[in-house]
Amino acid sequence: MTLRLSHTSIDAHDAYAQSRWWGEVLGYSEDPDDPNRPGHEECLIISPDGSIRILFIEVPEDKSVKNRLHFDLRPTDVSREDEVERVISLGATRLADFVRNDGTGWIVLADREGNEFCILTGQPQLDELGL
């Protein structure tokens, strides 16, 4: 038997707002055959190649502890710092900095509902370091 991951589900207070925000951050879009709308309890976004799906599901509970699962994001064509600034301009909050002296490492941020995620060293920086 073989399983494959269908999608990642994330609890949210406002599934629509979270789907819009993360869609902007990741460059993902909604399913054109089932568009996300304000008030929808479940909102899906899909990567440009269709291989990754993230489903936001409305729940009444607040986030109360550190995430058990989070995204580690690697910039593909700009530096980590450029992406951190872009994502902060979209409403993320910077939580912690784990950047090493050689420029590798990550920065921990939170989305609009407090869910943690990390932005890793960008691929251009890794290429410069020969990593």
Side-chain angles (χ1 to χ4, degrees):
M1 171 166 280
T2 301
L3 297 172
R4 73 173 178 82
L5 191 61
S6 170
H7 56 272
T8 300
S9 298
I10 299 175
D11 291 348
H13 279 294
D14 186 337
Y16 176 72
Q18 285 291 84
S19 73
R20 300 283 300 184
W21 192 83
W22 277 103
E24 180 76 19
V25 167
L26 297 171
Y28 287 18
S29 59
E30 60 191 36
D31 181 346
D33 296 327
D34 186 15
N36 299 329
R37 299 278 187 245
H40 281 182
E41 293 179 358
E42 296 184 355
C43 294
L44 181 73
I45 58 173
I46 305 167
S47 65
D49 68 2
S51 66
I52 301 171
R53 297 167 175 261
I54 303 172
L55 179 65
F56 298 91
I57 303 170
E58 287 194 8
V59 299
E61 301 86 17
D62 288 332
K63 179 184 172 300
S64 60
V65 296
K66 183 181 182 303
N67 298 13
R68 296 289 305 261
L69 172 80
H70 69 267
F71 295 128
D72 286 337
L73 307 173
R74 185 175 310 279
T76 58
D77 56 356
V78 298
S79 71
R80 173 189 51 237
E81 289 71 21
D82 288 341
E83 274 303 288
V84 167
E85 291 309 312
R86 182 182 76 84
V87 173
I88 286 173
S89 75
L90 296 172
T93 303
R94 186 184 197 122
L95 300 179
D97 188 328
F98 295 94
V99 177
R100 300 179 191 108
N101 290 336
D102 67 359
T104 61
W106 63 94
I107 296 173
V108 181
L109 298 111
D111 70 14
R112 299 163 17 124
E113 291 196 4
N115 300 304
E116 297 93 0
F117 63 98
C118 298
I119 298 184
L120 309 173
T121 305
Q123 192 60 51
Q125 293 164 302
L126 292 176
D127 292 345
E128 288 176 18
L129 293 168
L131 300 174

Task: OG-CZ distance between S6 and R4, expressed to the nearest 0.5 angstrom - done: 6.0 Å
Task: I107 and L120: CA distance, side-chain angles, deciding distance, side-chain contact (heavy atoms from CB on, under 4.5 Å) verdict - done: CA-CA 7 Å; I107 296 173; L120 309 173; over 6 Å; no
Task: P124 versus P75, closest heavy-atom pair with distance - done: CD-O, 4.1 Å
- [ ] With the side chain counted from C-beta on, respond yes when L129 and T104 share a heavy-atom pair under 4.5 Å apart, and no when they do not.
- [x] yes
TODO: Determine the interplanar angle of the W22 and F71 rings, folded into 0 to 90°, and report it as parallel if under 30°, tilted if 30 to 60°, perpendicular if over 60°.
DONE: perpendicular
Open item on the list: Tell me the closest heavy-atom pair linking C118 and D72, and the distance in Å.
Closed with: CB-OD1, 3.3 Å
TODO: Taking the side chain as every heavy atom from C-beta outward, state whether V99 and W106 have any atom pair closer than 4.5 Å.
DONE: no
Task: Sub-4.5 Å side-chain heavy-atom contact between P32 and E30 - done: no
Task: From CG (L126) to OG (S79), nearest 0.5 Å - done: 11.5 Å
Task: D49 and S51: side chain donor to acceptor below 3.5 Å - done: yes
Open item on the list: Between N115 (side chain only) and H70 (backbone N and O only), is there a donor and an acceptor less than 3.5 Å apart?
Closed with: no
Task: R112 side chain vs L90 backbone, donor-acceptor pair below 3.5 Å - done: no
- [ ] Taking S19 for its side chain and C43 for its backbone only, find out whether a donor-acceptor pair lies under 3.5 Å.
- [x] no
Task: Linked, directly or transitively: I52 and L73 (ILVMFWY side chains, under 4.5 Å) - done: yes
Open item on the list: Do Y28 and L55 land in one hydrophobic cluster if side-chain heavy atoms of ILVMFWY residues count as linked below 4.5 Å?
Closed with: no
- [ ] Give a yes or no on this: more than 12 heavy atoms of other residues, nucleotides or ligands lie within 6.0 Å of atom CZ of R20.
- [x] no
Task: Sequence neighbours excluded, every pair satisfying salt bridge (charged side-chain N to carboxylate O under 4.0 Å, His left out) that has a member inside residues 87-108 - done: R94-D97
Open item on the list: Quick one, L69 and T8 - any side-chain contact, counting heavy atoms below 4.5 Å?
Closed with: yes
TODO: For the pair E85 (side chain) and D82 (backbone), establish whether a donor and an acceptor sit closer than 3.5 Å, ignoring hydrogens and angles.
DONE: no
Task: Closest heavy-atom pair and its distance - F117, A92 - done: CZ-CB, 4.1 Å
Open item on the list: I'd like to check N36 versus I45 (side-chain heavy atoms, cut-off strictly below 4.5 Å). Are they in contact?
Closed with: yes
Open item on the list: Test your reading of the model: is there a side-chain donor-acceptor pair from K63 to the backbone of V65, 3.5 Å cut-off?
Closed with: yes
Open item on the list: With heavy-atom distances below 4.5 Å as the criterion, would you say the side chains of V108 and F98 are in contact?
Closed with: yes
Open item on the list: Treating R53 as the side-chain partner and L5 as the backbone partner, does any N or O pair qualify as donor plus acceptor under 3.5 Å?
Closed with: no
Task: pair I54-I10: side-chain heavy atoms closer than 4.5 Å - done: yes
TODO: Look only at the side chain of E116 and the backbone of N67, and say whether a donor-acceptor pair between them is shorter than 3.5 Å.
DONE: yes
Open item on the list: Please report the interatomic distance CZ(R74) to CD(Q125), rounded to the nearest 0.5 Å.
Closed with: 9.5 Å
TODO: Can you measure from CD (E128) to OG1 (T121) and round to the nearest 0.5 angstrom?
DONE: 11.5 Å
- [ ] May I ask whether V87 and F56 are part of the same hydrophobic cluster, defined by side-chain heavy atoms of I, L, V, M, F, W, Y residues being less than 4.5 angstrom apart, directly or through others?
- [x] yes
- [ ] Give the intermediate values and the outcome of side-chain hydrogen bond (donor to acceptor under 3.5 Å, both in side chains) for residues D127 and Q123.
- [x] CA-CA 6 Å; D127 292 345; Q123 192 60 51; 2.9 Å; yes
- [ ] Go through the structure and list residues passing side-chain hydrogen bond (donor to acceptor under 3.5 Å, both in side chains) with E58, not counting sequence neighbours.
- [x] none
Open item on the list: Whether the side chain of E113 engages the backbone of H13 through a donor-acceptor N/O pair (distance < 3.5 Å, no angle test) should be reported.
Closed with: yes
Open item on the list: Quick one, I119 and L109 - any side-chain contact, counting heavy atoms below 4.5 Å?
Closed with: yes
- [ ] Look at R80 together with E83 and state whether they make a salt bridge at an N to O cut-off of under 4.0 Å.
- [x] no
Open item on the list: Are V25 and I46 linked, directly or through intermediate hydrophobic residues, by side-chain heavy-atom contacts shorter than 4.5 Å (ILVMFWY only)?
Closed with: no
